Amino acid sequence: MHKYSKFDKETINKLKEFQIKLSKKILLEDCFDKINTVAGVDIAYKNNKAFASLVIIDTNLRIKAIHTLETKVYFPYIPGFLAFRELKPIVLLAKRFINEYDILFVNGHGIAHPRRFGIASHVGVLLKKPTIGVAKNLLFGNIGKKIYENIFEIIYGNNVLGYLVNVNKKKFYISPGNRISLKSCLSVFLKFVKKNPIELAHVYANMFKNGIKPFI
DNA sequence: GCGACAG
DNA sequence: ATCTTGTCGC
């Protein structure tokens with residue numbers, strides 16, 4: 001039994017086709033004006049339950065709100081198909097507060113994905129909202145040339161799909177999800193890196209999982 | 001055929 | 001991601 005053979009080839013192929021079909025709706029251009037607030041979303045797990053948190057931050061790096069949502073999960077983790085596991089809680093929560101942030105940071109990749117449709121792109125297409133994928137590990141593509149002291153390109157063939165950013169000994173793989181340009185996904189990430197929305201969401205998702213919610 | 005593989 | 005002891009480093 002191999003680790004990721006939970007579904008037959010036919011099912012996997014249909015999911016792949018679905019991703020490819022939806023990926024055509026991605027816009028890699030900036031569909032936003034002035035950024036006033038951004039949000040980060042992440043999920044912690046306990047048994048078969050997902051504990052999601054959405055943290056909203058303003059440009060002064062102040063936390064404006066922390067929201068949570070709990071749902072059951074039914075789909076396993078399969079590399080390349082993370083969205084089918086985490087989409088429901090993320091979309092439900094992000095949609096509820098959709099007018100309270102300008103850009104959404106999602107834990108996982110955007111277009112740096114085998115079918116250019118990682119979870120950040122999937123969420124962005126469903127919400128019709130600018131999203132940025134922020135991952136701690138590389139899934140697809142290779143590390144290309146250094147463009148700054150601590151920043152490298154993520155490339156596939158001749159295409160740049162995103163960036164590897166080194167911050168405080170930690171690596172972040174950044175790629176556009178939807179409705180944002182390659183260039184802006186990097187600059188926006190850097191703008192909030194001192195109060196990384198994904199890391200904050202991670203902390204609060206875990207607190208929520210453990211029954212603590214001193215939330216704003 | 002073999003290895004790699006977001007969370 | 002989660003489970004989980006001791007251990008290394010600031």
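Proteins come first, then strands; the chains are lettered A, B, ... in the order of their sequence lines, and each starts at number 1. Values below: all heavy atoms of this structure, side chains included; hydrogens, waters and symmetry mates excluded. None of the values given here were measured: they were computed from a predicted structure.
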Take atom CG of A:N137 and atom P of C:dA1, then tell me their distance rounded to the nearest Å.
9 Å
Which pair of non-hydrogen atoms, one from A:S53 and one from A:A205, has the smallest distance, and what is that distance?
OG-N, 3.5 Å
Would you kindly give the CZ-to-C1' distance between A:F75 and C:dA1, to the nearest whole Å?
15 Å
Send over the distance from A:L139 CG to B:dA6 P, rounded to a whole Å.
6 Å
Hydrogens and angles aside, do A:T131 and A:N178 bring a side-chain donor and acceptor to less than 3.5 Å of each other?
no
Value in whole Å for how far the C1' atom of B:dC5 lies from CZ of A:R115
11 Å
Roughly, in whole Å, what's the span from CD1 in A:I198 to C1' in B:dA6?
12 Å
Heavy-atom closest contact (A:K49 atom, A:K72 atom, distance):
CG-CG, 4.2 Å
Closest non-hydrogen atom pair, A:D30 against A:S184
OD2-OG, 2.6 Å
Look at the side-chain N and O atoms of A:N107 and state whether any lies under 4.0 Å from the OP1 or OP2 oxygen of B:dG7.
yes
Just grab all the side-chain hydrogen bond (donor to acceptor under 3.5 Å, both in side chains) pairs involving residues 11-27 of chain A, residues at least two apart or on different chains.
A:D8-A:T11, A:Q19-A:R115
Give me each pair satisfying salt bridge (Lys or Arg N to Asp or Glu O under 4.0 Å) with a member in residues 188-205 of chain A, each pair once, sequence neighbours excluded.
A:K170-A:E199
Scan A:F81 against the nucleic acid and name what it touches under 4.0 Å (heavy atoms): base, sugar-phosphate only, or nothing.
base
Starting at atom CG of A:D42, determine the distance to atom P of B:dG7, rounded to an integer number of angstrom.
9 Å
Identify whether any heavy atom of A:G133 sits under 4.0 Å from a base atom; if not, whether one sits that close to sugar-phosphate; answer base, sugar-phosphate or nothing.
nothing
Heavy-atom pair of closest approach, residues A:I57 and A:L200:
CD1-CD1, 3.4 Å
Find the runs of at least 3 consecutive base pairs, i with j, i+1 with j-1 and so on, that include DNA chain C, using Watson-Crick or G-U wobble geometry with both distances under 3.5 Å.
none
Check DNA chain B for consecutive Watson-Crick or G-U pairs with both distances under 3.5 Å and list the runs of at least three as stems.
none
When you compare the side chain of A:I66 with that of A:F208, does any pair of heavy atoms fall below 4.5 Å?
no
What are the two closest heavy atoms between A:I154 and A:A112, and how far apart are they?
CG2-CB, 4.5 Å
Residues of residues 170-182 of chain A with a heavy atom under 4.0 Å from any atom of DNA chain B, listed by number, are none
To the nearest Å, give me how far apart CG (A:N48) and C1' (C:dA1) are.
12 Å
Between A:V123 and A:V41, does the side chain to side chain contact (heavy atoms under 4.5 Å, CB included) criterion hold? Intermediate values first, please.
CA-CA 11 Å; A:V123 170; A:V41 65; over 6 Å; no
Beyond-backbone contact of A:H122 with A:F84, side-chain heavy atoms, under 4.5 angstrom
yes
Does any part of the side chain of A:K64, heavy atoms only, come nearer than 4.5 Å to the side chain of A:Y101, both counted from C-beta?
no
Nearest non-hydrogen partners of A:D42 and A:I198, listed with the distance
CB-O, 4.4 Å
Please report, rounded to the nearest Å, how far the P atom of B:dA6 is from the CG atom of A:L164.
15 Å
Contacts under 3.5 Å, N or O only, protein and nucleotides 2-4 of chain C:
{"residue": "C:dT2", "atom": "OP1", "partner": "A:Y45", "partner atom": "N", "Å": "3.0"}
{"residue": "C:dT2", "atom": "OP1", "partner": "A:Y45", "partner atom": "O", "Å": "3.3"}
{"residue": "C:dT2", "atom": "OP1", "partner": "A:K209", "partner atom": "NZ", "Å": "3.4"}

Spatial distance of atom CG (A:N166) from atom NZ (A:K146) [nearest 0.5 Å]
9.0 Å
